[in-house]
**Q** 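Dropping the structure in here first, questions after.
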Amino acid sequence: MSQVNRISGGQIDRAQEFKFTFNGKAMQGHPGDTLASALLANGQRLVGRSFKYHRPRGIFTAGSEEPNALVELRSGAHQEPNTRATVTELFDGLQAKSQNHRGSLEHDLMAVTDFMSPFLSAGFYYKTFMWPRAFWEKLYEPIIRKSAGLGRLSMQEDPDIYDKGYLHCDLLVIGAGPTGLVAALTAGRAGARVILADEDFTLGGRLNSETLEVGGVPGAGWAKEALVELAAMDNVRLMSRTTVYGAYDHGVYGALERCTDHLASSGGKPRQILWRVTSKRAVLAAGATERPIAFGNNDRPGVMLAGSVRSYANRYGVTPGQQVAVFTNNDDGWRTAADLVAKGVHVPAIIDVRDAPAVCDVPGARHIRNAGVVDTIGRKGLKSVTLTDGQVIPVDCLAVSGGWNPNVHLTCHQRGRPAWRDDISAFVPGRDLPPGMAVAGAANGAMTLAAAMAEGQSVANTQIEALGYKPSKADLPRAEDEPRECVPYWHVRESTKRGWLDLQNDVTVKDVRQSHREGFRSVEHLKRYTTLGMATDQGKTANIPALAIMAECTGKTIPETGTTIFRPPYTPVPIGALGGRSRGRDFRPYRLTPSHNWAKENGATFVEVGNWLRAQWFARPGEKGWRDSVDREVLATRKSVGICDVTTLGKIDVQGKDAAAFLNKVYANGFAKLAVGRVRYGLMLREDGIAYDDGTTARMSENHFVMTTTTANAVLVFRRLEFARQCLWPDMDVHLISTTDGWAQFAVAGPNARNLLRKVVDEAHDLSNEAFPFMACGEVTVCNGTPARLFRISFSGELAYEVAVPARYGNAMMDVLMRAGREFDATPYGTEALGVMRIEKGHAAGNELNGQTTAHNLGMGKMVSQTKECIGNVLSQRPEMVREDAVKLVGFRPVEKDRGLIAGSHFITRGDKAIMDNDQGWMSSVAFSPSLGHSVGLGFIKNGDTRMGEIVRAVSPVHGTEMEVEIVSAHFIDPAGDRLRA
Amino acid sequence: MIINHPLLGPRDAAEFVYLGDASLIERPDWQADDAAEAFHAYGYLRDNPAGKHAELWYHEQGDRSWLVVTRDTTTHEITSVEMARDVARAKGRSK
Amino acid sequence: MPEYTLTSAAPLAGTDISVAGTRLMAPADLAIVSVALPLGEEKPAGKAIRAAYGVALPEVGKSSLAKDDSRLVRLGSDLAFVIFVHPTPDAERVVAARLKGAAYTTDQTDVWVALDLSGPSARRALERICPIDLHPDVFAIGDSARTMMEHLGTLIIRTGDDSYRLLSGSSSAGSFLHAIETSLANIT
Amino acid sequence: MRYSALKILREGLTGNKGWKPVWREPDPKPEYDIVIIGGGGHGLATAYYLAREFGMRNIAVLEKGWIGSGNIGRNTTIIRSNYMLPGNEPFYEMSLKLWEGLEQDFNYNAMVSQRSILNLFHTDAQRDAFVRRANAMFLAGADAELATTEQLRAELPFLDYENARFPIKGGLFQRRGGTVRHDAVAWGYARGADERGVDIIQNCEVTGFDIENGKCRGVQTSRGAIRARKVAVCVAGSSGRVMAQAGMRLPIESHVLQAFVTEGLKPVLPGVITFGAGHFYVSQSDKGGLVFGGDIDGYNSYAQRGNLPVVEDVAEGGMAIMPMIGRARLLRSWGGIMDMSMDGSPFIDKTDIDGLYFNGGWCYGGFKATPASGMCYAHLLAKDTPHPVATQMRLDRFRRGNLIDEKGQGNQPNLH
């Protein structure tokens, strides 16, 4: 049998065998194994290399605190770097590779760094690599970069899908060990809505790893019974494989459920789900994490935490070694020895730093008291340990226990600070817990089983009582108060070799001492200078011992020296899971215009405008590029008639007795006296006097207006209007509702616009210039009775209308307009032609209304009323904003007509150097005008309105070009406006 | 964060849009002699307290109401939530 | 007389999907009209609504069903929707006529697209996208909430034990359907 | 103590026992010429340049906690000078030039790495705005480079070109942009200032200003009163709190910005990349972690922590632009308090109180500004006139209407 380290018992299914590979080597395991337990079972001790010194490393723990056993899991696009073998469920066909070595795992060329370690002490890189200057980026940094990092990304798109969800509960119980099980039972029985979440795939926590009894049966058995009871409760949700990774404001917790990570394939289902749990209360029952003791070469494969060794033996039926010594400062370490011996594993020695009698009888084990381990032998796998008195004990595994740290992490996520407790030599949750959270069990320093379970009950009762549930008084099953005495002991002082604290980042006792020597004495300086606790395990096993050593250096107590607090996440969370479904084309929703299908069928190229997709142009056969299409659309529109879907403009229904007065306050120009049946252009300012948005507003009846906004600002304008109505003028009777999606709206523009519409609008409506002049509006019907709205407004400068029909008729309306327009050669046009025509006409759009320009800059200063109360008019008059020499919006044309203007060019007066001090302004929008046969531009230039005819340089150094341009009126087409009034 | 809407009950803050200090309700008189200075202070100067802060939130993905939320900027604890319209009226704002 | 007629093509019309006993379908000919209560005249407006529909204007976050199966949904302190079956594009006029000028009405029919989700997995599917607590003790039949699902503003109404009506913007109908379909696919 | 390869060799051979504290731990003197409040990057840089450029030595830097504990120690380490407006761009370009010579200047390797910064654009309007910006950068003597989608495909093949909701239409590179090891900047300035006689006093919280007849004559601290000819506040993140002690309201709101780092990975990203259709920017540190961030949480906060919606929004942006990072795991998140100013630009100015100076309002862009901020603040403190590249960074600019609003968002700090 290749599973040389399998022993009896454990919660694995020996009837079924899983095959897997590690670095290509075939191995076997069973359902219920983790990758780590299976590797140990197969006798694989060397599993990885450390970050800095590339030291050979083995499995150190049996949980998510693992610093060493990180692998690249799976292959191809599914490759998952830095995966902890200790929490990876084994599945059939699993592939894993070790990481961070050049050459093989056994013969890592980078291991040479270990021999250079005297020169690579804490912070060495801050003191060198500076000469010569260019060498840092060309030589030193590339080398550092290449050697840094651990696992590799596949560089391919993550092929799995992820989902998210929302959960709500009265009580969230975090951790399903004995404490959490009791807390969930207590609250569940009382009728509270409970979620019990645990990161493990088998609930029960340490009960699964211990031989302790509960209620007269093995703890693991009791846990199974409790889970059966909980599973039967409608009001309880059990969530295994679910890590509650962050405590956020107001009872919101982040939780990651791993749905298919234990399967060979996700089968097209979400790999993981990110849950946002909204809880009224929470019980943190996250248990405790064992910490190591530092001594010389304590990082060899085979040196492990004692509680983890016990987990492997009891839960997985695996012994990490055949000769396992225990090194401890506390009673708990002894249980590892006892449990191993009970399973037939030889324990040659129990080395206890205390000068105290044996905790229990361990047959065959020598009790060496008042002693410590100073060194180890066995570079790629432990062979022996050397004790303080010089004796050497041959072992292939050393189980180390330095005591247990309560898992206070989530109590710190809102910057709560843990408090020190001398009796257990550990930090426990402080007073400033996240609101709604209570802590119970080992996480709260209740270190024995009986005490933890009792606290689980009492804390759960307190929590649910506050929510109005009756507390449960049921008797708890009998459990032990097992011996847990522990003395503070952090490192073996007699040791002269390097003793590791942070195994992954290679931070040793010496590094902490050097950090102290150089003045990096605050905990945060220590972490930042040495990189302590910055590795993937976030210092779960390293931080407290390092703090203790810093305390030794400073001569202060540990709590005086400081604490480390923890930030989310508790364990790392894939970015894919945090992103959920919002990726690729599903990153944001698509908004489609009502005539989208028509446009698609008619050759439209679409462009993203916010979340909208709009037709950009409609290519026809034979056209060589987009310019051909756009030029044709512009010319056809100006010649006869063009049609454009303008549904995306925001539409807001404004109703109420005070609607007119309200509009008069939110627009800079007057609206109080707009007549029914008329439309007006409106300019909206921000309160700071900057131009914000523009559009037309139509008065449909005395108390009813229809406002349009720009596409980009539809939501923002609505928000501002609600602010004005609710917060500034709360007694105005005015009501707002968006109808943007409700009406399909089409611009019909060109000399034949009226003739075309005449064929579509029902006869009862007089469209003559007299009856329906420029800036008229009204409700009409089209195509035999379909209700519609008609506005005579023009963005193109042509005779133009906008006609709106209920959105469901939008696609048909486009089709009807085109069919009715056949005799006029009606042309659909897209946003490009729209843009060309507005530039030709000198209308400002987003590039001009960019949030930085004033009405004064835009040449609309006179529109801003100073005789009424309106948003923005006061601050618009600040001295620097109404300067005479401010930039003004004007037109530009190239002196050499065949040259194309460049948007984003800056203007420099002829003869001046192109430097920032001489910057006169910038070109904001350009287009090729097919009507004029040359490029036209809009731009802002100092004193522009007084410089007509002047020739300046438009420079674009980023393109390496400049050209001479003439300042002209922005109205390139029909400056008198005859066409639109025709 | 969870905002306990006076009409709708607890709602996730992600449904809301934040504006800023609730003093933005107190828009100065545009005709006052010191209007320029008053609007400067209104538009630009903030108490920005480390502690209780009355602030404006808009329930954009909800009932479109503006709320005045009193929240501690050091702990994020929310101690009161009012309809901004009621607050505005209480401050004497009208038409 | 124009020679053209317009045919209606509402987004998602005809959608009817079943996944593991849970049905997702687009109700036909649903009309939606918003009713805004005039400031200071909320009481007469409320009376007019009661007179027109035989039920009182519900509290904010609730809805009520009128005798003619119109559903009145209160979205905010001064805003409600009337949702009813009405195929022709004149729903606003119908409601305005019934209210006799006591409130401001706006046609919202084409602003929205509706999907009815019903069946044993409905709540589990919504759990993936809906931030609102839909536990039956918390979100009773008739309760409604406007919220955000997959970046889309959505109005959810619980219409039965296991059934919900969802309304979202009509321009993003495709993405809306995709969000719910994905939820159904992901839970099965 | 001068750092050199030789020194490291010598120390390595003798057990690294000869290293000395990087800065002294002096007790505060009763009086200084200049007291700088805030031992962050800007405060330490100010002290350093006062000493080095202006020969002033009788200076104290007061830090309430440990130096570098503010935003210099909790940012995403990016340096760049890709600004557009005349009030900003020359300042940031000067800063970038100072970064380029910094390490030799203060003999400390802060790992200034000019790996380039790329801003992606996704619409024509964005392109136009980037061209305007790029040209402004040239006019100020900076570098800029437009890249087409084809060029980007060749250089950054892992971006999503095929399936993106908002297709990439190009990008604006600043090749001289990059990253710096942030903590080392604080330590390097501290070391340089300390060597020149500046007292860096940690665990010394300012509790009040001594203002007599409109003149600031010193400060009260948790370690006693300290007199000073000039008091220079430089506490971004706490500006509101500190200046309230002098009775001043500021055009600043405090907001929280979260930042994130993944587990260490072998090199995947060449430089800094910024998404233009969502909130996400990312670089890879020398240790291998992807360092990334996005938008601020959006509400006033002094809590140095944020909430989930922004975490998700940032991750969505990341997945949208480079879906190959899906299996990289977020290791740690943190929050910094940003002085969000009313136009998104900072202040380096005298106050109305004689002898009291203010530096703040850096929004989330303070890190890259550290050298120039220190230089310009030192200039102002030493000469009582603004440095030529910081003439517009005045507190009264809103009263005058001279806005420096790069984003065009107006007086709503959380939008900048």
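Proteins get letters first, then strands, A, B, ... in listed order; numbering begins at 1 in each. Worth knowing before you read on, the calculation uses all heavy atoms, side chains too, and leaves out hydrogens, waters and symmetry mates.
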**Q** Checking D:Asn16 side chain against A:Pro118 main chain: does a donor-acceptor pair fall under 3.5 Å?
**A**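 Yes.
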
**Q** Within a strict 4.5 Å, meaning less than it, do heavy atoms of the A:Val955 and D:Asn135 side chains meet?
**A** no

**Q** So for D:Leu269, is it side chain, backbone, both, or neither that comes closer than 4.5 Å to the heavy atoms of chain A?
**A**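 Backbone of D:Leu269 only, per the 4.5 Å heavy-atom cut-off to chain A.
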
**Q** Counting only heavy atoms closer than 4.5 Å, note whether D:Phe130 contacts chain A via side chain, backbone, both or neither.
**A**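 Neither the backbone nor the side chain of D:Phe130 comes within 4.5 Å of chain A.
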
**Q** At a 4.5 Å cut-off on heavy atoms, which part of D:Met342 comes close to chain A: side chain, backbone, both, or neither?
**A** neither

**Q** Does any backbone or side-chain atom of D:Leu403 lie under 4.5 Å from a heavy atom of chain A? Answer side chain, backbone, both or neither.
**A**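 Interface part for D:Leu403: side chain.
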
**Q** Do the charged groups of D:Asp313 and A:Arg588 touch, with an N to O distance under 4.0 Å?
**A**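 Salt bridge flag = yes for A:Arg588 with D:Asp313.
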
**Q** Just so I know, are the side chains of D:Leu139 and A:Ile915 near enough to count as touching, which here means a heavy-atom distance under 4.5 Å?
**A** no

**Q** Decide, yes or no, whether a salt bridge links D:Glu312 with A:Arg276 under the criterion of side-chain N to carboxylate O below 4.0 Å.
**A**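 Between A:Arg276 and D:Glu312 there is a salt bridge, with a charged N closer than 4.0 Å to a carboxylate O.
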
**Q** Any side-chain donor paired with an acceptor under 3.5 Å for D:Asn107 and A:Lys127?
**A**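 A:Lys127 and D:Asn107 do not have a side-chain donor-acceptor pair below 3.5 Å.
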
**Q** Is chain A contacted by the side chain of D:Arg2, its backbone, both, or neither, given a heavy-atom distance below 4.5 Å?
**A** side chain

**Q** Hey, does the side chain of D:Asn109 reach the backbone of A:Met130 with a donor-acceptor pair shorter than 3.5 angstrom?
**A** no

**Q** Using the six-membered ring of A:Trp922, assess whether NZ or CZ of D:Arg132 lies under 6.0 Å from its centre and within 45 degrees of the ring axis.
**A**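 D:Arg132 over A:Trp922 ring: yes.
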
**Q** For D:Glu11, is it the side chain, the backbone, both or neither that has a heavy atom under 4.5 Å from a heavy atom of chain A?
**A** neither

**Q** Is D:Asp183 close to chain A through its backbone or its side chain, or both, or neither, when contacts mean heavy atoms under 4.5 Å?
**A**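 For D:Asp183, the contact with chain A is made by the side chain alone.
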
**Q** Just by distance, do the side chain of D:Asn307 and the backbone of A:Asp249 share a donor-acceptor pair under 3.5 Å?
**A** yes

**Q** For D:Arg115 and A:Glu137, what are the C-alpha separation, side-chain angles and deciding distance, and is it a salt bridge (charged side-chain N to carboxylate O under 4.0 Å, His left out)?
**A** CA-CA 8 Å; D:Arg115 325 186 55 75; A:Glu137 268 166 36; over 6 Å; no

**Q** Under the rule for ring pair (Phe, Tyr, Trp, His ring centres under 6.0 Å), what residues qualify as partners of D:Tyr299, not counting sequence neighbours?
**A** B:His76

**Q** Counting distance only, does the side-chain N/O of A:His525 pair as donor-acceptor with the main-chain N or O of D:Trp66 below 3.5 Å?
**A**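 Side chain of A:His525 to backbone of D:Trp66, a donor-acceptor pair under 3.5 Å: no, none is there.
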
**Q** With a 4.5 angstrom heavy-atom cut-off, could you sort out which part of A:Lys164 is near chain D: side chain, backbone, both or neither?
**A**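 Contact with chain D involves the side chain of A:Lys164 alone.
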
**Q** When you look at D:Arg181 and A:Arg528, which way does the side chain to side chain contact (heavy atoms under 4.5 Å, CB included) test go after all the steps?
**A** CA-CA 11 Å; D:Arg181 169 81 184 103; A:Arg528 288 155 189 268; 4.3 Å; yes

**Q** Answer with side chain, backbone, both or neither: which region of D:Ala164 has an atom nearer than 4.5 Å to a non-hydrogen atom of chain A?
**A**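 Contact with chain A involves the backbone of D:Ala164 alone.
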
**Q** Short question: side chain of D:Arg133, backbone of A:Gly904 - any donor-acceptor pair under 3.5 Å?
**A** no

**Q** List the atom pairs, with distances to 0.1 Å, where a side-chain N or O of residues 323-330 of chain D and a protein N or O form a donor-acceptor pair under 3.5 Å, not counting sequence neighbours.
**A**
residue, atom, partner, partner atom, Å
D:Arg327, NE, A:His78, O, 2.9
D:Arg327, NH1, A:Asp158, OD1, 2.8
D:Arg327, NH1, A:Asp160, OD2, 2.9
D:Arg327, NH2, A:His78, O, 3.4
D:Arg327, NH2, A:Asp160, OD2, 3.3
D:Arg329, NH1, A:Pro81, O, 3.0
D:Arg329, NH1, A:Asn82, O, 3.0
D:Arg329, NH1, D:Glu263, OE1, 2.8
D:Arg329, NH2, A:Glu80, OE2, 2.7
D:Arg329, NH2, A:Thr83, OG1, 2.8

**Q** In terms of heavy-atom proximity below 4.5 Å to chain A, should D:Lys20 be classed as side chain, backbone, both, or neither?
**A**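 Just its backbone gets close to chain A.
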
**Q** Anything under 30° is parallel, anything over 60° is perpendicular, the rest tilted; go ahead and classify D:Tyr108 against A:Tyr126.
**A** parallel

**Q** Non-hydrogen atoms of chain D under 4.5 Å away: do they reach the side chain of A:Asn850, the backbone, both or neither?
**A** both

**Q** Using a 3.5 Å distance criterion without hydrogens, assess whether the side chain of D:Arg400 forms a donor-acceptor pair with backbone atoms of A:Pro879.
**A** no

**Q** Between D:Ser69 and chain A, with a heavy-atom cut-off of 4.5 Å, which part of the residue counts as in contact: side chain, backbone, both or neither?
**A**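 Neither part, no heavy atoms under 4.5 Å.
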
**Q** Do A:Trp136 side-chain atoms and D:Val112 backbone N/O form a donor-acceptor pair below 3.5 Å?
**A** yes

